[in-house]
Amino acid sequence: MDHHFVGIPELTGVPRIAVVIDVMRAFTVAAWAFSRGVEKIVLASTESEALALKESHSGWVALKDGPPAPGFDAVNSPGLLRSRDFAGRTLVQKTTAGTVGALAVANAPLVLCASFVVAGPTARFLRTQDGGPLTFVVTGEGGQADEDRACAEYIGQLVSGGDVDAAPYLQRARTSRAAADLAAGRRSGCHPDDVELCLEIDRFPFAMEARQEESLTVLRPVAVRSP
């Protein structure tokens, strides 16, 4: 399947198939949220929208980037989320890059959100799809984030077939600016284990598909058959 890579500012038109990448940390966090029992994730465009959605739906919880804030139940950190119990809950997520990228391509016929923790299942899901081309949306740093580009390139190689060694791609992510910032505590609302949790290849057995449900963009896990 033909594929190419774009940053959010470079998006023009509506892609046929979009894979939105945010390794550190939105779509690692989303995968962890599903593993902790979240039923669906509603992607919000602003923090105020996230809070309004939570307030208007009984039982919903909200998550954002940065430090804890009034009204929000969690922050965008896999290390801080992994011990939480969200069984049956709906999570409203607003982040700096990942949710922005997903909303930018929300009208595409197929939208997947991904990171290393669901890379293999995402590629296997994509291999079942007809058509193309495949557009990878590299969300971090205006499309320049090496951890996101590395993950996108890795998934692209997997989709193309053949054995692919994940190690060089993970190393690029490990030495990225985002990883350095997290390791040094320069990003608020983080946990010391966040970098390593973001680099757990294929930690979860599902892909994550975003669809329009009424007026909302909703992310749900999609079971993918093992190789």
Side-chain angles (χ1 to χ4, degrees), residues 19-41 43 61 63 65 74-89 91 93 95 97-99 101-102 111-128 136-140 145-159 163-176 178-179 181-183 187 189-210 219-227:
V19 183
V20 187
I21 307 292
D22 190 327
V23 171
M24 296 183 186
R25 294 163 284 173
F27 298 138
T28 299
V29 164
W32 270 99
F34 288 130
S35 79
R36 303 307 301 160
V38 164
E39 178 182 343
K40 66 179 185 286
I41 297 175
L43 304 180
V61 293
L63 176 153
D65 272 334
V75 295
N76 192 43
S77 161
L80 294 173
L81 200 72
R82 61 184 166 176
S83 62
R84 302 288 297 273
D85 180 6
F86 292 115
R89 307 294 285 274
L91 175 68
Q93 185 181 32
T95 69
T99 59
V111 180
L112 301 181
C113 296
S115 64
F116 282 113
V117 297
V118 292
T122 300
R124 293 197 297 276
F125 182 89
L126 287 166
R127 287 200 296 266
T128 69
F136 284 98
V137 183
V138 178
T139 62
D146 202 33
E147 74 281 3
D148 292 342
R149 181 62 183 251
C151 184
E153 291 177 4
Y154 176 64
I155 294 172
Q157 290 297 315
L158 290 175
V159 173
D163 293 330
V164 184
D165 182 5
Y169 301 95
L170 292 171
Q171 181 61 20
R172 285 169 56 189
R174 191 183 304 278
T175 57
S176 67
D181 286 347
L182 286 173
R187 296 192 181 188
C190 65
H191 185 279
D193 294 341
D194 277 356
V195 172
E196 292 306 315
L197 291 172
C198 290
L199 300 179
E200 287 189 317
I201 195 76
D202 298 346
R203 176 69 172 77
F204 303 108
F206 50 79
M208 301 186 294
E209 182 177 3
L219 188 65
R220 294 181 184 270
V222 179
V224 178
R225 184 175 299 175
S226 299

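Predicted, not measured: the structure shown is a model, and the values here were computed from it.
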Once rounded to the nearest 0.5 Å, what's the spacing between atom [atom1] of [X] and atom [atom2] of [Y]?
{"X": "R124", "Y": "T128", "atom1": "CZ", "atom2": "OG1", "value": "11.0 Å"}
{"X": "I21", "Y": "C151", "atom1": "CD1", "atom2": "SG", "value": "4.5 Å"}
{"X": "L170", "Y": "E147", "atom1": "CG", "atom2": "CD", "value": "12.0 Å"}
{"X": "D22", "Y": "C198", "atom1": "CG", "atom2": "SG", "value": "8.5 Å"}
{"X": "D181", "Y": "C190", "atom1": "CG", "atom2": "SG", "value": "9.5 Å"}

Treating [X] as the side-chain partner and [Y] as the backbone partner, does any N or O pair qualify as donor plus acceptor under 3.5 Å?
{"X": "T28", "Y": "V23", "answer": "yes"}
{"X": "R82", "Y": "G79", "answer": "yes"}
{"X": "R203", "Y": "L197", "answer": "no"}
{"X": "D148", "Y": "V138", "answer": "no"}

Please report the C-alpha distance between F86 and L81 in whole Å, then the side-chain angles of each, then the deciding distance to 0.1 Å, and finally whether the side chain to side chain contact (heavy atoms under 4.5 Å, CB included) criterion is met. CA-CA 10 Å; F86 292 115; L81 200 72; 3.4 Å; yes
Measure across [X] and [Y] and return the closest heavy-atom pair with its distance rounded to 0.1 Å.
{"X": "V75", "Y": "L63", "value": "O-CD1, 3.5 Å"}
{"X": "V20", "Y": "G98", "value": "CG1-O, 4.0 Å"}
{"X": "F27", "Y": "S115", "value": "O-OG, 3.3 Å"}
{"X": "A114", "Y": "T122", "value": "CB-OG1, 3.8 Å"}
{"X": "G101", "Y": "T139", "value": "CA-CG2, 4.1 Å"}
{"X": "R172", "Y": "E153", "value": "NH1-OE1, 2.7 Å"}

Assign the ring pair F206 / F34 to parallel, tilted or perpendicular, where the plane angle (0 to 90°) is split at 30° and 60°.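 Aromatic pair F206/F34 classed perpendicular.
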Review point. Between F204 and W32, what is the ring plane arrangement, given parallel below 30°, perpendicular above 60°, and tilted in between?
Key: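 Perpendicular.
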Discussion item. Name the residue from L126, V164, L112 that meets the side-chain contact (heavy atoms from CB on, under 4.5 Å) definition with I155.
Written reply: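 Going through L126, V164, L112 one by one, the side-chain contact (heavy atoms from CB on, under 4.5 Å) with I155 is satisfied by L126 alone.
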Could you check whether D85 pairs with R36 (Lys NZ or Arg NE/NH1/NH2 to Asp/Glu carboxylate O, under 4.0 Å)?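 No, D85 and R36 are not salt-bridged.
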Going by an N to O cut-off under 4.0 Å, is there a salt bridge joining R174 and E196?
->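 Here R174 pairs with E196 in a salt bridge, since their nearest N and O are under 4.0 Å apart.
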Residues in salt bridge (Lys or Arg N to Asp or Glu O under 4.0 Å) with D202, at least two apart?
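Residues passing salt bridge (Lys or Arg N to Asp or Glu O under 4.0 Å) with D202: none at all.
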With heavy-atom distances below 4.5 Å as the criterion, would you say the side chains of N76 and Q93 are in contact?
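Yes, close enough: below the 4.5 Å cut-off.
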* Would you say the side chains of T95 and D65 form a donor-acceptor pair under 3.5 Å? ->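 The criterion, which ignores hydrogens and geometry beyond distance, is not satisfied for D65 and T95.
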